Undergrad: 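Take this structure first; my questions come after.
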Amino acid sequence: MAIDYKATLNLPQTKFPMKANLGRMEPEILRRWAEMDLYAQLRAQNQGRPRYILHDGPPYANGHIHVGHALNKILKDIIIKSRQMSGFDCPYVPGWDCHGLPIEHEVDKQTKAKGLQLARPEIRQRCREYALRFVDIQRQEFIRLGVMGDWQHPYLTMTNDYVAGIIREYGRIALSGAVYRSKKPIYWCNTCHTALAEAEVEYYDHETPSIFVKFALLSDLSADYPELAGRPISLVIWTTTPWTLPANLAIALNPQFDYAAFQVEEEILILAVDLAEPVLQSLGLTGVEQARIPATRLEGLVCQHPWIDRQSRVILADYVTLEAGTGLVHIAPGHGQEDFDSGRRYGLETYSPVDDDGRFLPDVAEFAGMQVWEANPHIIELLQKRGALLGVEKISHSYPHCWRCKQPVIFRATEQWFISMDHNDLRGQALKAIDQVTWVPRWGRERIHGMVENRPDWCISRQRAWGVPIIAFHCQNCGQILLNQEIIDNIIDLVGREGADAWFKREAADLLPAGSRCPQCGGTEFHKESDILDVWFDSGVSFAAVLETNPGLRFPADLYLEGSDQHRGWFHSALLTAVATRGQAPYRGVLTHGFAVDGEGKKMAKSLGNVIAPQDVIQRFGAEILRLWVAAEDYRDDVRLSDPILKQLTEAYRRIRNTARFLLGNLYDFDPGRDLVPAAAREELDRLALSWLAQLIGRVREAYDRFEFHRAYHRLHQFCAVELSALYLDILKDRLYVSRADSPARRSAQSTLYDLLTSLIRLMAPILSFTAEEIWGYLPGSGREASVHLAAFPEPPPGYPDEVLLSKWEILLKVRGEIYRALEEARRVKLIGNSLEARVTLRATGSLYDQLQTHIPELLTLTMVSELEVRPEALSGLESKEIPGLSMKVEKALGQKCERCWYYSRTTGEDPDHPTLCARCRQVLEV
RNA sequence: GGGCCUAUAGCUCAGUUUCGGUCAGAGCGCACGCCUGAUAAGCGUGAGGUCGUUGGUUCAAUUCCAACUAGGCCCA
């Protein structure tokens with residue numbers, strides 16, 4: 001009976017599944033981490049190590065997470081895990097941003113649908129429940145991604161402690177004198193009597209008058225333009241809101257445009273040159289250009305208001321366009337954002353003579369008490385009477401309306417609270433602080449610098465319920481603001497115990513320390529401020545409310561990491577509040593990532609139908625693939641996500657997984673405690689592999705250190721595909737399978753596989769956290785950490801990489817490449833199939849001959865051919881393109897194929913008892 | 001309209017931190033083939049790019065400058 005020689009081979013065996021089944025495996029691993037409380041174990045194990053603080057920017061507690069959230073949190077997770085494995089203690093406390101309009105808006109919608117009218121504390125209670133619900137949802141979704149952190153103790157910007165922290169920081173800034181009140185135009189609904197945020201206005205078409213109005217020039221231009229002398233000169237403006245004319249304080253021109261004086265009948269009209277013709281034509285007028293006047297010449301001149309005894313200044317503004325109108329813009333600083341900005345620049349009053357009902361105040365004598373919309377025709381009539389009206393028509397255009405009552409809204413200046421950018425030179429200090437920070441990518445510095453340099457004072461007040469109250473009291477008697485440290489401390493104490501609701505529920509007298517008196521008039525009656533803080537202030541001061549209060553954390557953080565939109569958002573508000581209160585930035589480094597876009601680089605939008613949800617990716621591919629995506633893409637630019645990309649990543653994942661599986665399969669009988677061969681005692685090829693491994697470790701760790709995860713991914717993947725699968729592992733099979741199981745040669749190989757595997761999974765752990773953990777459980781041997789995440793990154797074996805070995809084998813590998821080409825040619829002509837069927841003859845002369853001649857065993861190993869010889873004389877065969885002077889000839893191997901090792905050998909058949917075995921196999925089997 | 005940024009093979013990335021001259025590369029995918037002792041695996045060979053477009057600087061530009069186009073974020 002024939003002997004089953006295959007049974008005498010050491011073929012790979014492992015229970016580690018080839019198919020990942022991530023959908024089942026990941027939740028199992030998550031359960032394991034939860035049961036062992038991995039996060040707590042890490043804290044205990046890493047105590048005393050240098051800390052690395054990545055401070056989590058709080059996502060908004062509304063809705064399910066989208067891929068942008070996944071990108072952000074996985075990046076943070078990769079950093080936390082890789083820094084941890086590099087020897088740092090990396091506590092990670094996630095947070096949520098809980099206050100603000102979107103949640104209040106949602107709650108409003110729900111209560112409106114039910115026809116409810118709720119008081120502030122009730123609204124707040126519903127908002128709180130709403131936020132909490134989404135905190136729980138998002139928490140589960142983040143955990144599902146494999147993100148490790150203190151999920152049991154996150155920070156929420158609505159908890160009593162946090163709110164007390166906000167008020168403490170607000171108090172510091174306010175009491176330093178940086179906070180002031182001033183008027184600012186905001187959206188205002190006349191019917192709802194409420195301020196509206198940008199997100200609360202909806203745009204519909206609305207019909208308004210469109211009028212051209214003359215403003216008579218009071219200044220004299222005749223010195224420079226004698227041709228204009230003696231005739232009345234007017235500037236012509238265009239507006240669709242006649243009711244804002246009573247608040248007109250200026251006329252704006254664009255310094256870039258050409259303006260000219262046109263003679264129209266007996267008067268002179270000034271218009272932008274490019275618009276003069278269409279404007280005059282539509283007014284049924286003809287004009288003759290008399291003179292060009294640069295905008296800069298007109299700046300500072302004064303005009304007469306059409307009917308009010310007031311002058312209107314000519315100013316410059318680069319937002320003036322030629323899209324519509326006359327190129328001259330009517331400016332009412334109390335009724336428009338741009339008007340307001342220009343007003344501040346030119347020192348104009350933020351004049352807004354309109355009350356909460358949208359009715360004119362007595363200031364506007366002609367229209368006092370009249371609704372602004374009603375006043376429009378009367379104003380036009382008055383203009384007509386005064387001879388200031390050049391034309392009127394009706395136009396329909398997109399105009400903001402109240403989301404609640406659907407009525408058109410107005411822009412109206414109201415009292416708001418601001419943080420001054422100039423007080424204590426906050427702007428200058430912030431700009432200096434920016435330069436103390438490491439920005440990744442580097443252009444982040446330019447971006448935030450430009451924003452801080454140009455931003456207006458920070459308007460921190462909102463007329464809303466769901467937020468942190470602005471702490472201030474108004475004297476009933478004289479209107480003076482009352483605020484001092486004692487009051488602040490009192491409120492901090494109260495809010496710490498009862499939450500911010502206390503502010504909304506209690507009367508001013510309850511909130512103030514006993515005996516509080518107005519510092520100005522001595523009054524004792526006060527009412528409390530009703531505005532709340534901008535939510536950017538809430539999250540901005542997290543450095544104080546979280547970093548400084550959590551004993552595991554510290555100020556400043558080592559890193560803030562968010563999308564590049566946060567240069568305007570969190571990085572910005574955190575910078576300003578920290579500089580104002582601490583004199584420095586709250587972070588040493590800031591890293592930004594781009595946005596998730598579709599396969600074409602377009603933004604994901606419901607309207608485009610190209611949104612990919614992380615929940616879908618997890619279900620179809622696995623969270624691990626999503627993690628791989630985050631790592632593989634260069635996040636400094638926008639990151640593309642599409643099905644083909646995910647499929648490609650799945651392929652890459654399989655390659656890595658199968659490589660690990662093969663390594664495991666060949667370690668089934670290996671006990672590192674018993675069988676590990678010291679590096680120096682291993683075979684040369686194994687030491688070459690160790691050199692490659694050493695290079696890999698160096699490069700991957702460097703990539704992690706530099707936050708270049710896509711490099712880490714590419715290196716790991718390529719290492720598995722090229723160095724291992726195609727090269728080292730392929731040629732090692734013979735030694736692993738054929739040698740005696742406990743032979744030094746095989747143990748040398750296995751020791752190297754063991755080193756490779758234990759290194760690889762630790763290097764991949766920050767990215768492929770689930771799979772690394774799964775493999776960790778299959779490793780032979782004992783005495784290692786309970787989780788791969790408790791382990792450290794591998795170090796290169798001492799003395800490796802071995803440069804001498806690397807350069808020696810580099811040449812041999814080049815020869816191997818050439819031989820492969822010759823073998824492929826032989827396959828093409830059906831001479832051989834498997835390389836073991838080949839006998840290769842190389843022709844070389846001189847030093848190349850010597851080199852090849854002395855390395856025949858290595859070349860045999862590398863090429864997996866049965867026979868190889870080197871000869872100096874010419875031969876017919878393939879000539880190498882890469883290596884001059886080398887020719888190769890491939891023939892059918894001589895001898896018989898050994899049934900066991902498949903090598904062709906002339907020794908096969910020598911032993912009649914084992915006629916199908918070669919000498920080597922007979923020796924292994926000791927027969 | 002303004003600020004900042006991006007644009008290399010079908011895909012993901014390299015192209016040596018600031019500095020122009022063997023830098024046009026890798027892996028994946030694809031095509032063809034081999035193996036069947038990593039097998040819903042493994043191996044080999046091969047074909048793919050006018051380095052977004054157009055100008056400019058230079059002896060020389062994917063690499064510097066400008067404009068444009070497309071895309072992104074933030075403002076307006």
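Lettering follows sequence order; numbering is per chain, from 1. Bear in mind the structure is a predicted one, so any value in this text is a computation, not a measurement. Keep in mind that the numbers below use all heavy atoms, side chains included, and drop hydrogens, waters and symmetry copies.
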Undergrad: Supply the atom-to-atom distance L75(A) CG to K73(A) NZ, rounded to the nearest 0.5 angstrom.
TA: 11.5 Å

Undergrad: Please give the distance between the P atoms of C65(B) and U58(B) as a whole number of Å.
TA: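 So the two P atoms sit 16 Å from each other.
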
Undergrad: Distance check needed: G37(B) C1' versus M18(A) CE, whole Å only.
TA: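 Distance, rounded to whole Å: 13 Å.
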
Undergrad: Ring centroids only, cut at 6.0 angstrom: are F418(A) and W458(A) within range, meaning strictly under it?
TA: no

Undergrad: Within the 3.5 Å criterion, strictly below it, is a donor on E562(A) or N72(A) matched to an acceptor on the partner's side chain?
TA: yes

Undergrad: Please give me the minimum heavy-atom distance between I434(A) and W439(A), naming the atom from each residue.
TA: O-NE1, 2.9 Å

Undergrad: Quick one: K733(A) NZ to A41(B) P, roughly how many Å, whole number?
TA: 14 Å

Undergrad: Does G3(B) have OP1 or OP2 under 4.0 Å away from a side-chain N or O of R568(A)?
TA: no

Undergrad: Roughly how far apart, to the nearest Å, are A14(B) and A9(B) at atom P?
TA: 13 Å

Undergrad: Among U6(B), G27(B), U12(B), which nucleotide sits nearest the side chain of D637(A)?
TA: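 In terms of side-chain proximity for D637(A), the closest of U6(B), G27(B), U12(B) is U6(B).
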
Undergrad: When you compare U50(B) with A61(B), how far apart are their C1' atoms, in angstrom units rounded to a whole number?
TA: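 It works out to 14 Å between them.
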
Undergrad: Ignoring hydrogens, what is the shortest heavy-atom contact between L71(A) and G594(A)? Give both atom names and the distance.
TA: CD2-O, 3.6 Å

Undergrad: When the C1' atoms of C64(B) and U18(B) are compared, how many Å lie between them, rounded to an integer?
TA: 12 Å

Undergrad: I'd like to know if T14(A) reaches the base of A38(B) with its side chain, counting only an N/O donor and acceptor under 3.5 Å.
TA: no

Undergrad: To the nearest angstrom, how far is Y635(A) atom OH from C13(B) atom C1'?
TA: 14 Å

Undergrad: Name the closest nucleotide to the R442(A) side chain, picking from G3(B), U17(B), A41(B).
TA: U17(B)

Undergrad: When you get a sec, tell me which of G15(B), G72(B), C34(B) is the closest nucleotide to the side chain of K603(A)?
TA: G72(B)

Undergrad: Can you tell me which nucleotide in A41(B), C34(B), C11(B) comes closest to the side chain of I645(A)?
TA: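 Ranking A41(B), C34(B), C11(B) by closest atom to the I645(A) side chain puts C11(B) first.
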
Undergrad: From the set C4(B), G27(B), G72(B), return the single nucleotide nearest to any side-chain atom of Q648(A).
TA: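 Nearest to the side-chain atoms of Q648(A), counting from C-beta on, is G27(B).
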
Undergrad: If I take atom CG in residue L823(A) and atom C1' in nucleotide G33(B), what distance separates them, rounded to the nearest angstrom?
TA: 13 Å

Undergrad: Looking at Y904(A), does the NZ or CZ of R839(A) lie under 6.0 angstrom from its six-membered ring centre and within 45 degrees of the ring axis?
TA: no

Undergrad: How about H714(A) and H717(A): are their ring centroids closer than 6.0 Å?
TA: no

Undergrad: Calculate the interatomic distance between Q566(A) atom CD and C73(B) atom C1'; express it in whole Å.
TA: 11 Å

Undergrad: As a test of reading the structure: which of G37(B), C43(B), A14(B) is closest to the side chain of K6(A), going by heavy atoms?
TA: G37(B)

Undergrad: At less than 3.5 Å, do the side-chain atoms of R447(A) and the base atoms of C74(B) form a donor-acceptor pair?
TA: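 When only heavy-atom distances are counted, R447(A) does not reach the base of C74(B) through any donor-acceptor pair under 3.5 Å.
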
Undergrad: What's the base orientation of G48(B): syn (chi within 90° of 0) or anti?
TA: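 Syn conformation here, the glycosidic angle of G48(B) being no more than 90° from 0.
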
Undergrad: Check every atom of C35(B), A14(B), C73(B) against the side chain of N834(A) and return the nucleotide holding the closest atom.
TA: C35(B)

Undergrad: For E824(A) and for H710(A), find the nucleotide of RNA chain B with the closest heavy atom, then tell me which residue's nucleotide is more 5'.
TA: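 This one resolves to H710(A).
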
Undergrad: I want to confirm an ordering. Mapping R661(A) and L649(A) to their closest nucleotides on RNA chain B, which one lands closer to the 5' end?
TA: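 Counting from the 5' end, the first nearest nucleotide belongs to L649(A).
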
Undergrad: For the pair made of CG in L729(A) and C1' in G37(B), what is the distance, rounded to whole Å?
TA: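 After rounding, the reported distance stands at 15 Å.
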
Undergrad: Under 4.0 angstrom, heavy atoms only, what part of the nucleic acid is E338(A) near: base, sugar-phosphate, or nothing?
TA: sugar-phosphate

Undergrad: With rounding to the closest Å, how many angstrom separate the P atoms on A76(B) and U16(B)?
TA: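 Looking at atom P only, A76(B) and U16(B) are 39 Å apart.
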
Undergrad: Mind calculating the distance between NE2 (H567(A)) and P (G3(B)) to the nearest angstrom?
TA: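 Going from NE2 in H567(A) over to P in G3(B) covers 17 Å.
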
Undergrad: Could you work out which one of G72(B), A14(B), C28(B) sits closest to the side chain of V597(A)?
TA: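 Per side-chain heavy atoms of V597(A), the pick is G72(B).
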
Undergrad: With C1' as the reference atom in both, quote the distance from A24(B) to C13(B) in angstrom, rounded to an integer.
TA: 14 Å

Undergrad: From the set G27(B), G72(B), G42(B), return the single nucleotide nearest to any side-chain atom of D730(A).
TA: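 Nearest to the side chain of D730(A) among the choices is G42(B).
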
Undergrad: Suppose you measure atom P in A7(B) against the same atom in U63(B); what distance do you get, rounded to whole Å?
TA: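 Approximately 11 Å lies between the P atom of A7(B) and that of U63(B).
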
Undergrad: Within the stacking criterion (centroid distance below 5.5 Å, interplanar angle below 30°), does W902(A) stack on G37(B)?
TA: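 Stacking is present between G37(B) and W902(A), given that their ring centres fall under 5.5 Å apart and the planes under 30°.
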
Undergrad: What stems, by residue range, does RNA chain B take part in, given at least 3 consecutive Watson-Crick or G-U pairs under 3.5 Å?
TA: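 Detected stem regions: B:1-7 with B:69-75, B:10-13 with B:25-28, B:30-34 with B:42-46, B:52-56 with B:64-68.
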
Undergrad: So, for R746(A) and L736(A), which heavy atoms are closest and what is the spacing to 0.1 Å?
TA: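 For R746(A) and L736(A), the tightest heavy-atom pair comes out as NE-O, 2.8 Å.
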
Undergrad: Kindly compute the distance separating OG (S866(A)) from CG (L860(A)), expressed to the nearest 0.5 Å.
TA: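 Answer rounded to 0.5 Å: 8.5 Å.
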
Undergrad: I want to verify a distance call: between A38(B), U12(B), A14(B), whose nearest atom is closest to the Y737(A) side chain?
TA: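 Nearest to the side chain of Y737(A) among the choices is A38(B).
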
